[in-house]
Student: 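A single structure is presented below for examination.
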Amino acid sequence: MLRLFKTTKQKKLLSSVIDGDIPSHIALIMDGNGRWARRRNLPRVAGHRAGVESIRRCLHGARELKKVKYMTFYAFSTENWQRPSSEISYLMDLPGYFLNRELKTLMENNIRLGIVGDISRLPDHTREVIEDGMAQTAGNDGVYLNFALNYGGRDDILFAARKIWQELEAGNLRQEDIDKDVFASFLLTGDMPAPDLLIRTSGELRISNFLLWQLAYSELYFTDVLWPDFDEIHLYQAIADYQQRSRRYGGLQQEE
Ligand code: FPP
């Protein structure tokens, strides 16, 4: 249960969100961990660790809504390799830290773990714990919990183009067959719909090479809240904002 929603205003938020249109796929750029830690005179990595709790809270909040089917968290970008090696090594321990604590909950709640990104470049212990988590949850068909790990939107498009080229060369595809849907099926998110809502925390107003193709018509929501402070109430505020938008996909609304 969502015990966090205590005040009248919060309870109103909860019931209006439940009654509205729930995004099926929510993508999240978790930003501000370093600043959160700095404000507390803690090492940057303490912010990343606290950020894992926010993932847990979001998942809990989303599950309560029943209709969120996919959540994609940007955990490590292809550009994050530029960070100091000590921070990279800490970030590579977080999938294990998360899964050791949460795998049981994922199983109890029918949550399936997925990855977008090239995990072959990750350290063995990180890759193994992820592969094990994916294998154990493969039969679950509730929320699809995705982590973007060693992910870059431009690489995603490039690799899809290369795979399509190979299929063309092999004679498995004809040039005239390649439309937007076929192209999208070659992306790392090929088995998912595009995100309905993108949330980015910490006040930065960028996409940062995340899901570039897939975000073409997503609603974007930016908040100043730092990721480790982000909780179920913030998630519901983002969804409430999404529910005010009119999604026209470049067309007109019926009454216009
Ligand atoms: C951005 O904050 C955050 C990241 C680069 C990493 C986010 C990863 C997690 C919260 C955990 C991933 C967990 C699993 C289970 C895969 P920042 O360091 O750029 O913050 P700053 O902009 O304030 O410095």
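Residue numbers run from 1 in the order of the sequence given. This is a predicted model, so every value here is computed, not measured. Just so you know, ligand 1 is whichever comes first in the structure, and atom 1 is the first atom listed for that ligand.
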Student: Does any N or O of ligand 1 fall below 3.5 Å from an N or O anywhere on G34, backbone included?
Tutor: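 Yes.
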
Student: Check L149 against ligand 1 and report side chain, backbone, both or neither, counting heavy atoms closer than 4.0 Å.
Tutor: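 For L149, there is no contact with ligand 1 at all, from either part.
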
Student: Quick one: look up the protein heavy atom nearest atom 10 (C) of ligand 1 and list residue, atom name and how far away it is.
Tutor: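 So the nearest neighbour among protein heavy atoms is N33 ND2, 3.5 Å.
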
Student: Could you check whether atom OH of Y97 has more than 12 heavy atoms from other residues, nucleotides or ligands sitting under 6.0 Å from it?
Tutor: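 Atom OH in Y97 is crowded, with more than 12 foreign heavy atoms closer than 6.0 Å.
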
Student: Could you give the distance from CZ (R154) to CH2 (W213), rounded to the nearest 0.5 Å?
Tutor: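 With rounding to 0.5 Å, CZ (R154) is 15.5 Å from CH2 (W213).
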
Student: For R56 and T105, run side chain to side chain donor-acceptor pair (under 3.5 Å): C-alpha distance rounded to whole Å, both residues' side-chain angles, the deciding distance at 0.1 Å, then the answer.
Tutor: CA-CA 10 Å; R56 206 178 49 75; T105 315; over 6 Å; no

Student: For atom 4 (C) of ligand 1, which protein heavy atom lies nearest, and how many Å away is it?
Tutor: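 Minimum-distance protein heavy atom for atom 4 (C) of ligand 1 reads H48 CE1, 3.9 Å.
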
Student: Would you mind checking which non-hydrogen protein atom is closest to atom 18 (O) of ligand 1, with the distance to 0.1 Å?
Tutor: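 In this structure, atom 18 (O) of ligand 1 has R44 NH2, 2.7 Å as its nearest protein heavy atom.
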
Student: Return the orientation label for the Y151 and Y74 ring planes: parallel under 30°, perpendicular over 60°, tilted otherwise.
Tutor: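 Because their plane-to-plane angle is over 60°, the rings of Y151 and Y74 count as perpendicular.
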
Student: Return the closest protein heavy atom for atom 22 (O) of ligand 1 as residue, atom name and distance.
Tutor: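 Ranked first by proximity to atom 22 (O) of ligand 1 is R35 NH2, 2.9 Å.
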
Student: Is the contact between R83 and ligand 1 made by the side chain, the backbone, both, or neither, using heavy atoms and a 4.0 Å cut-off?
Tutor: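 The part of R83 near ligand 1 is the side chain, not the backbone.
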
Student: For a side chain to side chain contact (heavy atoms under 4.5 Å, CB included) check, start with the C-alpha distance between N150 and I119, then their side-chain angles and the critical distance, and finish with the verdict.
Tutor: CA-CA 7 Å; N150 192 22; I119 59 168; 5.9 Å; no

Student: Among all protein heavy atoms, pick the one closest to atom 13 (C) of ligand 1 and tell me residue, atom and distance.
Tutor: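 Looking at atom 13 (C) of ligand 1, the protein heavy atom closest to it is I55 CD1, 3.8 Å.
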
Student: Hey, are R57 and E53 close enough for a salt bridge, meaning a charged N less than 4.0 Å from a carboxylate O?
Tutor: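 So R57 does not pair with E53 through a salt bridge.
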
Student: Which residue owns the protein heavy atom closest to atom 11 (C) of ligand 1, what's the atom, and how far is it?
Tutor: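 Among all protein heavy atoms, the one nearest atom 11 (C) of ligand 1 is L94 CD1, 3.7 Å.
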
Student: When you look at CH2 of W165, are more than 12 heavy atoms from neighbouring residues, nucleotides or ligands closer to it than 6.0 Å?
Tutor: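 For W165, atom CH2 is not crowded (no more than 12 foreign heavy atoms under 6.0 Å).
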
Student: For atom 15 (C) of ligand 1, what's the nearest protein heavy-atom neighbour? Residue, atom name and distance, please.
Tutor: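 Result: F98 CB, 3.4 Å.
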
Student: Out of all atoms in ligand 1, which are within 4.0 Å of some heavy atom of N80? Include the element for each.
Tutor: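 It comes down to these atoms of ligand 1: 5 (C).
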
Student: Side-chain donor-acceptor pairs under 3.5 Å in residues 220-228, sequence neighbours left out?
Tutor:
unit_1: T223; atom_1: OG1; unit_2: V225; atom_2: N; d: 3.1
unit_1: W227; atom_1: NE1; unit_2: G51; atom_2: O; d: 2.9

Student: Out of R38, R56, R49, M30, who is nearest to atom 9 (C) of ligand 1 when you count heavy atoms only?
Tutor: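 Minimum heavy-atom distance to atom 9 (C) of ligand 1 goes to M30.
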
Student: Between D31 and ligand 1, is there a nitrogen or oxygen pair with a distance under 3.5 Å?
Tutor: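 By distance alone, the answer is yes.
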
Student: May I ask you to identify the nearest protein heavy atom to atom 16 (C) of ligand 1, giving residue, atom name and distance to one decimal place in Å?
Tutor: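 Answer for atom 16 (C) of ligand 1: A75 CB, 3.7 Å.
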
Student: Would you please name every residue forming a side chain to side chain donor-acceptor pair (under 3.5 Å) with E204, sequence neighbours left out?
Tutor: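 So E204 forms a side chain to side chain donor-acceptor pair (under 3.5 Å) with R35, R206.
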
